[in-house]
Amino acid sequence: MDLVSLGRPNILHEHLAWLVGPLEWVAAGILLGAILILLAGTARFLFGGVRAELSRDNSQRVRRTNAERVELGRYILSALELFIVADLLHTALSQELGDLIYLGVLVLIRSAISYFLDRELAALKKDLGE
């Protein structure tokens, strides 16, 4: 079902159709940026995790691993926020009711992930004394 049929005028697609394609590319660029952030965070975590594992002191190893987990969490949270921005743009451009429902579900899931990840990071930071 199209949002236009719900009484909302389709000004964007009727009068600014030339803008829809470039905005879809912007949304795709934001998605790509989020993926790059995840990849950078993963690479950094793997490198830091290997360094932490090479530590002979067990408490130092655990501390370094937890510090790397906090950093990875920051990357994940940043990427999740960008994914939400890209989904918002896509939904605004598509004007499909199904996309709006899909967006609502995605935002709920991503918000829940962000909330629990943020809580875990706060606990790790507390353990690290940050």
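When a residue number appears, it is its place in the shown sequence, counting from 1. These numbers come from a predicted model, not from an experiment.
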Would you give the length of the straight line joining atom [atom1] of [X] to atom [atom2] of [Y], rounded to the nearest 0.5 angstrom?
X	Y	atom1	atom2	value
Asn66	Asp127	CG	CG	6.5 Å
Leu32	Trp25	CG	CH2	10.5 Å
Asp118	Ile76	CG	CD1	12.0 Å
Ile84	Ser114	CD1	OG	6.0 Å
Trp18	Leu23	CH2	CG	8.5 Å
Ile37	Glu81	CD1	CD	9.5 Å

Answer with yes or no whether the hydrophobic clustering places [X] together with [Y]; edges join I, L, V, M, F, W, Y residues whose side-chain heavy atoms lie under 4.5 Å apart.
X	Y	result
Tyr102	Leu88	no
Val20	Val85	no
Leu39	Leu117	yes
Leu128	Val62	no
Leu72	Ile35	yes

Are [X] and [Y] close enough that some pair of their side-chain heavy atoms sits under 4.5 Å apart?
X	Y	result
Leu77	Ile113	no
Leu31	Phe83	yes
Asp87	Val107	no

**Report entry** Salt-bridge contact Glu68-Arg44 (side-chain N to carboxylate O under 4.0 Å)
**Finding:**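 Result for this pair is yes, salt bridge flagged.
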Query - Glu53 and Arg64 ion-paired at < 4.0 Å - result: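 Looking at Glu53 and Arg64, the cut-off is not met.
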If every non-hydrogen atom of [X] is compared with every non-hydrogen atom of [Y], which pair is closest and at what distance?
X	Y	value
Leu82	Gly33	CD1-C, 4.3 Å
Ala86	Ala27	CB-O, 3.7 Å
Thr65	Ala52	OG1-CB, 3.6 Å

Any luck finding a side-chain donor-acceptor pair between [X] and [Y] under 3.5 Å?
X	Y	result
Asp99	Ser94	yes
Arg61	Asn58	yes
Asp57	Ser55	no

